[in-house]
Amino acid sequence: MDPLTIGALGSLVLSIVDRLVKQGWVPTPEEKAQITALRKAVVAEWDSLAPPPPPPPAGGA
Amino acid sequence: MKRFLVYVCFLAGLLPAHPVVAVGAAATVLSAPGCAAWRANPGLAYYDANTAFIEAVKVLTALRQAAKIDDISYGKVSPIIHAVDAALDEWWTALKATPEGETPSVPRTVTKAVTRGLLELAVWQAKFQGGRD
């Protein structure tokens, strides 16, 4: 198992444990807003890795 | 408790060369009991779905940076990521529109779109992480 997978699994397990400990916990509107902002940041980082658009055809039609 | 099945789906996606496990787990998530559990507490389920989604995109981003996701595959995965992101925005809108003290109502199409998207991301992760090294 490569280090990336191990790291992701560790993070996942911690998330689950956190959830179990907080059973019955309901996130506040602020917490929901924070995780929404984090999601947007993660998606933006993914989008930044898009390949460059192909160059326009030389000379035109 | 069944809401944690979304994590199971994600976990299965992390296991290299085991996409079948991911499909099986996600089928459970998409089952009627799974959806019912999500509807029972839409606020917490929203948080859980976001967490699973964020972790999935983080892993995919790292794989892309490690050149394990080529441009063609990147183009196939991106629409899934944006579809889940948009569905979670819809979910957030439904939560905000609910008056305090009332039980939020999130359209089932939204929760299904999220679970289906997480399944697809899990399968892609399994594909990128297993069998190509």
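Proteins come first, then strands; the chains are lettered A, B, ... in the order of their sequence lines, and each starts at number 1. The analysis underlying the following values was restricted to heavy atoms, covering all of them including side chains, and did not include hydrogens, waters or symmetry mates.
A salt bridge is defined here as a Lys NZ or Arg NE, NH1 or NH2 lying under 4.0 Å from an Asp or Glu carboxylate O, and B:Lys76 with B:Asp71 fails to meet this definition.
Donor-acceptor pairing under 3.5 Å is recorded for the side chains of B:Ser73 and B:Asp70. Between the side chains of B:Trp91 and B:Thr111, no donor N or O sits under 3.5 Å from an acceptor N or O.
Residue contact with chain A, scored on non-hydrogen atoms closer than 4.5 Å, involves the backbone and the side chain of B:Leu60 alike. Heavy-atom distances place both the backbone and the side chain of B:Ile54 under 4.5 Å from chain A. Heavy atoms closer than 4.5 Å to chain B are found nowhere in A:Ala41, neither backbone nor side chain. If you measure heavy-atom distances from B:Tyr74 to chain A, the contacts under 4.5 Å come from both the backbone and the side chain.
If you tally non-hydrogen atom pairs under 4.5 Å between each of A:Leu38, A:Val43, A:Ile35 and chain B, the highest count goes to A:Ile35.
B:Tyr46 and B:Trp92 have parallel rings, their planes meeting at less than 30° on a 0 to 90° scale where 60° marks the start of perpendicular.
Side-chain contact between B:Gln129 and B:Val59: present, with at least one pair of heavy atoms (C-beta onward) separated by less than 4.5 Å.
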